[in-house]
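These notes are about the structure you will find just below.
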Amino acid sequence: MADDSKPLNFIQQTINSDLEAGLVDKVVTRFPPEPNGYLHIGHAKSICLNFGLAEQYGGDCHLRFDDTNPEKEEDEYVQAIIEDVQWLGFQWSGEIRYASDYFGQLYEWAQYLIREGKAYVCELNAEQMREYRGTLTEPGKNSPFRDRPVEESLTLLEYMKNGDVDEGLMTLRAKIDMASPNVSLRDPVMYRIKKVPHHRTGDAWNIYPAYDFAHGQEDAIEGVTHSVCTLEFASNRPLYNWFIENLPVPSTPHQYEFGRLNLNYSVTSKRKLKQLVDEGHVDGWNDPRMPTISGMRRRGVPAVSIRNFCDSLAVSKTDGMVDMSQLEHFIRDELNTNAPRAMTVLRPLKVVITNLPEDHLEQLIAPSHPTQHPNLDMGDRTLPFTREIYIDQDDFKEEYSKKFKKKLTPGKRIRLRNGYVIEADDYVKNEAGEVVQVNASLVPDTLGKDPADEIKPKGVVHWVSVQHSVDCDIYMYDRLFSDPLPDAGDKSFLDGINPESLQVLTGCKAELSLADATESTTYQFEREGYFCRDSKNGCKDSQNSSPDKLVFNQTIALRSAWAEAGS
RNA sequence: UGGGGUGUGGCCAAGCGGUUAAGGCAGCGGCUUUUGAUGCCGCCAUUCGGAGGUUCGAGUCCUCCCACCCCAGCCA
């Protein structure tokens, strides 16, 4: 039985009644990606649903590649999909399956249907077939080849298989009903000729089964009980059932459709994502701005955030548009509790603490996480504190104002995070009029306590030692699309691309402990956001990359109740 | 104008005829805070696409209407 702390979705309700009625005794589901692109957040919902169902009911979930169209499928995608599913934290039952494992069986069943008088080889070309199919409001008409002798179809199918027929000349069609109001029942194509090598079967086949003739039978072969797919397949269900009913399949799976995930400010269509990659709008399928699993991983989004997000989504038949902020919530939620803290100055401004000796070096102790949870004690780190430090340019203002009360301004105090209170005395500008150095004095005896004179600093600022810090580049990301609905209307989704979705910051100064950061840890750079070391060491402008260069991707910003000056 | 599906606050969504229509996200106030983060407290649908009807009682049942999504690939 499923967890009853949450209301059951309609699929769980169905499973419960199937179980009670004794219709099934073990739940078997499957995640059936076509290896024609990388997995995205929409697939994550399906993965969490299918693997989740199997887990909840003590059943199995298969990973099966639906590789029935060699023109679009590649092994690279197979490998990427496997990696993504595993990274998300799921393990399939048994071996990885492939539709292509069943090509032989499918072929036999095609012959069976021909012998039963329920399938025939049709010689209508694509255009003719469209004409014969009719329209949504008018019935189609029968193909002139519909009633050809069984033996003839059998022979012709053999020819098709052996490569003796050119592409487009013949198809194998199911004989159902050309007048059906459901267009997918108007003698659908079961096999088409494609003289294209397949990533697994090579050139063994010259014909490949169409989705409708393959999917349900694959489910039946594997003993899948609940075949969950998205809404657009609802009108295919009668056809799915027709094959199951008319073939000697070993089991009777059932198809259920749920609403696919749509996210605003995003596209979740493999075709469009591929276009972004192919046309160079992004740095590959795993560009951190992509809504792909690999893109989010590279950006530092934890797998558990994606799972929690997916689990929060309703499994229903409404096709809604989920707010990006809902995904972001689960990213921040996880990272806030589990990301180690560090300090990195994005736009360095040197501060000289003039009442400290030149060679002052003090090791300050800072917790790696602010809440030292008993189960989550990340320990401490040391922060070298010296006479010269960097703070962010934005944390110093020449003029004090109430708005800047939490920033460092001349004559005012600020607390250095995990350190002392300092007071700004004066500052130096360059020819361009930019502040390039601030001279300050340390307020003594303020480590872990307020100043003795009780003039408490209003703000806290992160910092890093000039001598004891490491250089890095930081890639700041904004949403890939500025258009909340890039898919809507008849404009091109490319028009919705945000030209400022990537901003590269160079010469950033990171706390020393970050020098050996790995791509699998996402940090909170305090007061700045969450960041993760880039696995590719730079993106887009790879000339900037060197193997030992430190590059961080911004995973997501901290929430902020404070509007920046000028904005 | 065929068939299939869906309509509950800005977004997602529970609700399966009977107290004042859950919850999450977003937003807005306030408190706490060595992250303007986190945390905590409070506010946020006289109303369930619309109109009729059944009923002592309807978001939940019936009728009609409206809107939106999917289907006419030898894609999946």
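Quick note on labels: first sequence line is chain A, next is B, and so on, each numbered from 1.
Judged purely by distance below 3.5 Å, without hydrogens or angles, the side chains of A:His62 and A:Glu222 pair a donor atom with an acceptor atom. In this model, a donor atom of one side chain and an acceptor atom of the other lie less than 3.5 Å apart for A:Asp219 and A:Ser227. In this model, a donor atom of one side chain and an acceptor atom of the other lie less than 3.5 Å apart for A:His215 and A:Arg30. Using modelled atom types, one finds a donor on one side chain and an acceptor on the other under 3.5 Å when comparing A:Asn36 with A:Glu34. When only modelled atom types and interatomic distance are considered, A:Asn69 and A:Tyr211 share no side-chain donor-acceptor pair under 3.5 Å.
Nucleotides B:U60 and B:C16 are separated by 8 Å at their C1' atoms, to the nearest Å. As rounded to the nearest Å, B:G2 and B:C64 have P atoms that lie 15 Å from one another. Taking the P atom of each, B:G4 and B:C56 are spaced 35 Å apart, rounded to whole Å. For the P atoms, the distance linking B:U55 with B:A21 amounts to 24 Å, nearest Å. For the C1' atom pair drawn from B:G7 and B:C65, the interatomic distance equals 14 Å after rounding to whole Å. Using atom P as the reference point in both B:G30 and B:G50, the two lie 36 Å apart (nearest Å). Spacing of P atoms, B:G49 relative to B:U6, comes out at 14 Å, to the nearest Å. Comparing the P positions of B:U20 and B:G59 gives a spacing of 11 Å, expressed to the nearest Å.
If you check every strand for non-hydrogen atoms under 4.0 Å, A:Met129 touches a base. A:Leu124 comes within 4.0 angstrom of a base, heavy atoms only. Note on A:Asn125: a base of the nucleic acid sits closer than 4.0 angstrom, heavy atoms only. Residue contacts shown for A:Asn236 include a base, since a base heavy atom lies under 4.0 Å away. If you check every strand for non-hydrogen atoms under 4.0 Å, A:Gln128 touches nothing. Heavy atoms of A:Phe233 sit under 4.0 angstrom from at least one base atom. Among the protein residues, A:Lys270 comes within range of no part of the nucleic acid, since none of its heavy atoms lies under 4.0 Å from any strand.
Here the P atom of nucleotide B:C74 and the OH atom of A:Tyr132 are 15 Å apart, to the nearest Å. Between the C1' atom of B:C12 and the NZ atom of A:Lys6 lies a distance of 12 Å, rounded to the nearest Å. Remark: P of B:G10 and CG of A:Leu485 are 16 Å apart, rounded to the nearest angstrom. For the pair A:Asp212 CG and B:C74 P, the computed distance is 10 Å after rounding to whole Å. A:Asp323 places its CG atom 16 Å from the P atom of B:G24, with the value rounded to the nearest Å. Between the P atom of B:A26 and the CZ atom of A:Phe309 lies a distance of 12 Å, rounded to the nearest Å. One can place CG of A:Leu313 at 11 Å from P of B:C12, the figure rounded to the nearest angstrom. As rounded to whole Å, 11 Å separates atom P of B:A13 from atom CG of A:Leu261.
The ring pair (Phe, Tyr, Trp, His ring centres under 6.0 Å) test with A:Trp463 singles out one residue from A:Phe525, A:Tyr390, A:Phe385, and that residue is A:Phe385.
Side chain of A:Thr318, nearest nucleotide from B:A13, B:A76, B:C11: B:A13. Of all nucleotides listed (B:C25, B:G3, B:C69), B:G3 comes nearest to the side chain of A:Asn182. The side chain of A:Asn69 approaches B:A76 more closely than any other nucleotide in the set B:A76, B:C25, B:G4. Listed nucleotides B:C74, B:A76, B:C12 differ in distance to A:Thr171; the shortest reach to its side chain belongs to B:C74. Listed nucleotides: B:C75, B:G2, B:A72. Nearest to the side chain of A:Arg130: B:A72. Of the candidates B:A26, B:G3, B:G2, B:G3 carries the atom nearest the A:Ser235 side chain, counting heavy atoms from C-beta on. In this structure, of B:C75, B:G2, B:C25, it is B:G2 that holds the atom nearest to the side chain of A:Pro181. Picking from B:C70, B:A13, B:A72 the nucleotide with the shortest atom distance to the side chain of A:Ser316 gives B:A13.
Contact between the side-chain N/O atoms of A:Arg271 and the OP1/OP2 oxygens of B:G73 is not found at any separation under 4.0 Å. OP1 or OP2 of B:A76 lies within a sub-4.0 Å distance of a side-chain N or O belonging to A:Thr68. Look at A:Arg192 and you'll find a side-chain N or O under 4.0 angstrom from OP1 or OP2 of B:A76. Put simply, A:Arg133 has no side-chain N or O that comes within less than 4.0 Å of OP1 or OP2 on B:C71.
For A:Gln13 and A:Gly168, each mapped to the nucleotide of RNA chain B holding its nearest heavy atom, the one lying further toward the 5' end belongs to A:Gln13.
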task: Can you run through RNA chain B from 5' to 3' and write each base as (, ), [, ], | or . depending on how it pairs? Watson-Crick or G-U wobble, both distances under 3.5 Å.
output: .(((((((.[[[..)..(....]]].(((((.......))))).....[[[[[..)....]]]]])))))).....
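B:G39 takes the anti form, because its glycosidic angle lies more than 90° either side of 0.
A cation-pi arrangement, defined by a distance under 6.0 Å to the six-membered ring centre and an angle within 45 degrees of its axis, is absent between A:Lys317 and A:Phe258.
A:Phe243 has its ring centre no less than 6.0 Å from the ring centre of A:Trp109. If you look at A:Phe65 and A:Tyr98, their ring centroids are closer than 6.0 Å. The ring of A:Phe213 has its center closer than 6.0 angstrom to the ring center of A:Tyr191. Aromatic pair A:Phe531/A:Tyr523: ring centres not closer than 6.0 Å.
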- request: Between protein and nucleotides 33-42 of chain B, map the contacts as a letter string: B base, S sugar-phosphate only, - none, heavy atoms under 4.0 Å, written 5' to 3'.
  value: -BBBSS----
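More than 12 heavy atoms of other residues, nucleotides or ligands shown are found within 6.0 angstrom of NZ on A:Lys195.
Legend: salt bridge (Lys or Arg N to Asp or Glu O under 4.0 Å) pairs involving residues 319-341 of chain A, not counting sequence neighbours: none detected.
No N or O donor and acceptor, one from the side chain of A:Glu138 and one from the base of B:G2, sit under 3.5 Å apart.
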